[in-house]
S.K.: 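The structure follows.
Letters A, B, ... mirror the listed sequences (proteins, then strands); counts begin at 1.
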Amino acid sequence: MSDEIYKEIILDHYKNPHNFHKLKDPDFKAEDTNPLCGDHVEFSVKLQDGRVSEVGFIGRGCAISQAAASILTDLVQGKTIEELQKMEKEDLLEAMGNPDLGPVRIKCAMLSFKTLKLGLYSYLSSKSSHT
Amino acid sequence: MSDEIYKEIILDHYKNPHNFHKLKDPDFKAEDTNPLCGDHVEFSVKLQDGRVSEVGFIGRGCAISQAAASILTDLVQGKTIEELQKMEKEDLLEAMGNPDLGPVRIKCAMLSFKTLKLGLYSYLSSKSSHT
Amino acid sequence: METVAFNVEELRNDFPILSKKFNGKTLAYLDNAATSQKPRQVIKAICDFYEGYNANIHRGVYEIEEKATMKYERTREATSRFIGAESAEQIIFTRNTTESINLVAKTWGASNIRKGDKIVVSLLEHHSNVVPWQVLAKEKGALLEYINLKEDSTIDLDDFKEKIAGAKLLAITQASNVLGTLVPVKQMTSIAHQEGCTVLVDGAQSAPHMPVSMTDIGCDFFAFSSHKMLGPTGVGVLYGKREILDAMPPYNLGGDMISEVHKWDVTWNELPWKFEAGTSNIADVIAYYHAIEYLQRLGMERVREHEKSLTKYALKRLSEIKGLRYYGPDDIEMRGGIISFTLGDVHPHDIASILSREAIAIRSGYHCAQPLHEELSLGGTARASFYIYNTEEEVDRLAEALNEVRKVFAK
Amino acid sequence: METVAFNVEELRNDFPILSKKFNGKTLAYLDNAATSQKPRQVIKAICDFYEGYNANIHRGVYEIEEKATMKYERTREATSRFIGAESAEQIIFTRNTTESINLVAKTWGASNIRKGDKIVVSLLEHHSNVVPWQVLAKEKGALLEYINLKEDSTIDLDDFKEKIAGAKLLAITQASNVLGTLVPVKQMTSIAHQEGCTVLVDGAQSAPHMPVSMTDIGCDFFAFSSHKMLGPTGVGVLYGKREILDAMPPYNLGGDMISEVHKWDVTWNELPWKFEAGTSNIADVIAYYHAIEYLQRLGMERVREHEKSLTKYALKRLSEIKGLRYYGPDDIEMRGGIISFTLGDVHPHDIASILSREAIAIRSGYHCAQPLHEELSLGGTARASFYIYNTEEEVDRLAEALNEVRKVFAK
Ligand SMILES: Cc1ncc(COP(=O)(O)O)c(C=O)c1O
Ligand SMILES: Cc1ncc(COP(=O)(O)O)c(C=O)c1O
């Protein structure tokens with residue numbers, strides 16, 4: 001069976017997601033749902049000295065969306081806020097092994113990416129308006 | 001130039017319509033317009049002893065509609081009311097030389113037919129309700 | 001119309017897409033509830049029109065225009081006969097089922113539904129037969145009620161009888177696009193009519209798959225789509241009772257649907273043109289004739305028989321798969337050729353994606369029936385749906401591939 | 001995009017219908033304002049879809065469905081570029097210009113037009129850009145005003161400036177389908193905007209024939225039809241400014257245009273899908289791409305040039321015919337390739353019927369512009385309209401045939 005989408009790395013992360021938990025007292029949280037499939041992800045992030053010190057996610061949904069979330073938590077671990085801001089979709093896709101996702105399934109992969117980015121931006125803007 | 005629609009008989013009636021006038025004190029009148037082309041016909045009919053004793057029309061519009069009206073006045077002249085009731089579309093088309101009218105132009109030819117028939121029916125029903 | 005033998009292997013030859021290879025494999029197209037494939041007769045009719053007599057209709061008087069007008073109106077006659085309508089004037093061409101239902105909601109609904117009125121739908125409805133009524137009810141201060149299902153996924157007729165009392169409109173599907181459930185719309189229409197209730201039947205999943213007759217069902221409106229019954233996309237049908245259509249205000253306004261326009265006022269055209277504004281989807285309506293003819297030559301009874309036996313076989317094959325659970329009635333007489341299922345906790349999208357690599361096309365998600373999925377507490381389902389050209393061999397391929405999916409996702 | 005040489009004889013080969021014989025004669029198709037002919041590239045795209053990747057879009061995850069979705073959305077991108085829109089999300093696919101305009105009237109209009117508001121149209125409008133506003137004005141107690149024409153058949157800009165004061169909506173065609181008149185919509189939009197007035201431009205007769213740019217014109221809405229610009233029937237376009245579209249309620253409700261549906265409420269999908277309910281006219285939207293590409297490769301500047309020179313020639317030839325009178329601007333810069341005329345007192349239908357025997361297709365009647373005909377005291381007109389594939393030779397055939405008509409009807 002050919003399964004260019006379901007690379008080993010995706011199945012691994014789906015079956016055994018990394019950082020699959022909710023953090024207590026995170027610096028910011030972010031969650032979203034893809035209404036089309038009901039995919040859901042929720043991230044919680046702690047920062048220290050301008051870097052991601054800890055990150056967790058919970059969620060449910062298809063293998064692509066959940067594996068993407070898991071891989072994304074690995075990817076952002078230890079990154080600076082600046083690096084997070086600069087991170088591109090392609091970085092996540094590469095970390096996923098560049099699976100051959102069609103125009104519909106790519107949304108499953110990008111749910112995590114968009115959710116985390118939006119969470120970061122709203123955190124940054126709320127901080128800047130507080131100072 | 002081929003002109004299966006514009007048979008000699010149609011052009012003759014169009015150029016020199018028969019019975020082209022309005023009757024005074026008709027037994028019944030009937031008029032209608034084809035909104036698509038603006039074709040207009042108005043018939044006035046006198047009856048005597050249950051027969052059409054006199055008939056006239058006025059109108060304007062395309063050659064088909066006007067020739068049809070003219071030919072129709074010839075056709076009904078002297079007919080009994082019963083014969084009028086039994087008259088079919090095909091009778092008029094035959095009198096017109098069975099021109100090769102398409103689905104759109106046939107409406108032009110049938111304007112007269114429908115108008116006269118409707119006038120007759122409303123005359124008969126008003127008479128029957130009076131007696 | 002003469003019927004022909006119902007020979008699946010032979011009729012498959014009429015469908016060009018079924019002889020193509022995808023990833024080296026023949027397409028097992030099992031997403032017919034979404035849209036059907038098209039026979040060459042339909043495709044050819046589109047080409048013939050554009051190559052031979054393409055013209056705008058109803059107004060011109062030149063040769064190809066007259067031919068186009070006649071062929072366009074011929075489809076109306078054929079559609080009328082196909083659904084056993086009283087007359088062709090009661091057939092209105094729209095874009096799809098959705099537009100047909102919206103037309104009713106925005107014209108009949110807007111002028112007949114008032115504050116406090118009750119609109120009854122069922123839990124089986126497709127979004128297209130829910131959302132227009134939800135919004136109309138909100139706008140008018142009317143009530144929307146859902147008929148419940150019984151344990152066996154069929155309509156709860158006791159619940160229906162309770163809810164229909166005093167209702168103004170019943171909007172109900174004849175066949176569910178998720179559970180396959182067939183709905184006794186004739187019986188329900190007659191009960192609703194005793195209450196003085198108007199009835200709209202969503203025939204999107206029934207008209208393509210079984211004999212339907214307007215004079216038999218007796219409903220006031222009936223809506224369906226060409227694209228789900230071998231015809232082109234872009235053509236929907238709305239049937240209505242004549243008195244009701246006559247009394248309805250028009251929907252879209254503009255060219256063709258008017259009789260006279262002056263600077264300050266306008267008179268509408270007669271039925272059915274009153275409801276067809278602007279240049280119609282001429283080519284596709286003309287081609288739709290050949291879809292209807294194709295189905296009629298097969299015979300709708302036999303279409304239903306074929307799907308019934310295939311569905312029976314598929315239910316048996318699928319129930320052999322570990323962890324697979326299918327939904328909808330077990331009684332084959334109560335269901336159409338649609339099977340929604342889940343496979344353990346594998347997400348339906350993942351199932352569909354993996355099947356796609358095997359050139360097996362099924363659908364996954366909510367199938368535009370989210371309220372039903374919520375009622376059944378389902379996150380989403382995978383769905384296989386059949387049509388005239390599907391075979392037991394394709395069902396076998398489906399079953400095998402599902403077993404593979406199970407292995408890939410075994411934890 | 002690379003452009004190709006504008007060689008009429010060569011490009012005629014792309015149009016299968018132009019090499020067919022009717023009554024033994026080649027078709028001189030001069031009814032392009034009603035609908036255009038289609039090149040084989042467009043026809044082939046429809047067949048390719050149905051034969052190779054026919055599937056419903058936006059929801060499934062199997063291979064052919066993804067291909068169909070991508071090709072469908074590709075047309076949106078191409079349409080957006082073709083009319084110089086800000087973004088593809090602002091392109092909504094409808095059935096035709098008429099539906100595009102109705103969509104605006106029933107959504108934006110219903111929520112923005114109030115009692116006493118003024119809606120301004122011109123005397124040049126097609127019924128599709130009159131009747132929706134007439135009815136809306138009556139429903140809302142708003143005022144409808146008509147901009148007058150000058151002697152030379154162009155818009156009376158002084159009259160426009162008076163009437164636009166305090167207006168809420170200007171709904172205006174960019175090119176008249178009767179007189180051919182070109183309307184300075186950019187200038188008028190900017191004046192209307194100073195009044196805080198929203199502007200809808202009917203581009204049905206402009207987008208197919210000349211370069212148009214939304215960012216240049218600056219209008220809020222723009223409507224046109226695929227079938228008048230080499231594309232299939234059944235596809236219309238509505239462009240709208242993003243903020244306005246975002247704020248508008250949806251039109252048809254149902255599948256695809258929603259984001260979530262629960263038993264009692266619903267959330268709409270994003271632009272542009274919010275406005276595309278139910279299964280779209282997938283095949284025809286996909287094929288429409290090839291119409292746009294065809295025109296772009298020719299270059300819209302050159303399309304306009306070709307029609308200008310042909311119209312100039314035709315005006316000269318027609319003015320040589322005794323008893324013939326044509327309408328519309330004499331200045332070729334002020335008119336598109338549309339010529340309406342009368343021939344003595346011969347009824348336009350008779351003209352068209354006789355020309356049809358010569359395989360010359362022209363239109364006759366009111367051309368869905370009855371108010372204009374009434375204003376000009378015309379019972380109806382005959383109309384010849386040109387496109388990229390028309391030739392001077394066809395104009396000669398038209399002129400000759402008209403001379404014959406004159407003879408047949410000489411009293
Ligand atoms: C100026 C104008 N507006 C609108 C329309 C209506 O277009 P459609 O029939 O495609 O809706 C036409 C078509 O004749 C037109 O010429
Ligand atoms: C039961 C039912 N109703 C309505 C529709 C909507 O049909 P369309 O998308 O053709 O408008 C569908 C299509 O999936 C359906 O299954």
S.K.: Nearest 0.5 Å, please: how far is OH in Tyr14(B) from CZ in Phe409(D)?
M.R.: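 Rounded to the nearest 0.5 Å, the CZ-OH separation comes out at 6.0 Å.
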
S.K.: Can you name the closest pair of heavy atoms from Asp350(D) and Arg105(B) and give their distance?
M.R.: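 Closest approach of Asp350(D) to Arg105(B): OD1-NH2, 3.0 Å.
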
S.K.: Any chance CD of Glu393(D) has more than 12 other-residue heavy atoms, nucleotides or ligands included, within less than 6.0 Å?
M.R.: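 At most 12 heavy atoms, drawn from other residues, nucleotides or ligands, come within 6.0 Å of this atom.
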
S.K.: Counting heavy atoms not belonging to Lys117(B), are there more than 12 under 6.0 Å from its NZ?
M.R.: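 Enclosed.
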
S.K.: Of all the heavy-atom pairs spanning His347(D) and Asp39(B), show the shortest one and how long it is.
M.R.: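 Smallest heavy-atom distance, with atoms named: NE2-OD1, 3.5 Å.
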
S.K.: Around atom CD of Glu90(B), are there more than 12 heavy atoms of other residues, nucleotides or ligands at under 6.0 Å?
M.R.: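 Count over threshold, so yes.
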
S.K.: More than 12 heavy atoms of other residues, nucleotides or ligands under 6.0 Å from CD of Gln48(B): yes or no?
M.R.: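 No, the 6.0 Å shell around CD holds no more than 12 heavy atoms from other groups.
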
S.K.: Within a strict 4.5 Å, meaning less than it, do heavy atoms of the Ile5(B) and Arg357(D) side chains meet?
M.R.: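 A side-chain contact exists here, since the closest heavy-atom pair is under 4.5 Å.
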
S.K.: Provide the closest heavy-atom pair for His349(D) versus Cys108(B) in the form atom of the first, atom of the second, distance.
M.R.: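 Nearest heavy atoms, His349(D) then Cys108(B): CD2-SG, 4.2 Å.
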
S.K.: Can you tell me if NZ on Lys22(B) sees more than 12 non-hydrogen neighbours from other groups inside 6.0 Å?
M.R.: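 Not more than 12 within 6.0 Å, no.
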
S.K.: Taking side chain as everything from C-beta outward and backbone as N, CA, C, O, which of these in Asp12(B) sits under 4.5 Å from a heavy atom of chain D? Side chain, backbone, both or neither.
M.R.: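 Neither part, no heavy atoms under 4.5 Å.
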
S.K.: Counting only non-hydrogen atoms closer than 4.5 Å, does Ala352(D) touch chain B with its backbone (N, CA, C, O), its side chain (CB onward), both, or neither?
M.R.: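 Answer is neither: Ala352(D) stays 4.5 Å or more from chain B.
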
S.K.: Can you list the residues that meet the side chain to side chain donor-acceptor pair (under 3.5 Å) rule with Asn96(D), with sequence neighbours excluded?
M.R.: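 If we apply the side chain to side chain donor-acceptor pair (under 3.5 Å) test to Asn96(D), skipping adjacent residues, there are no hits.
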
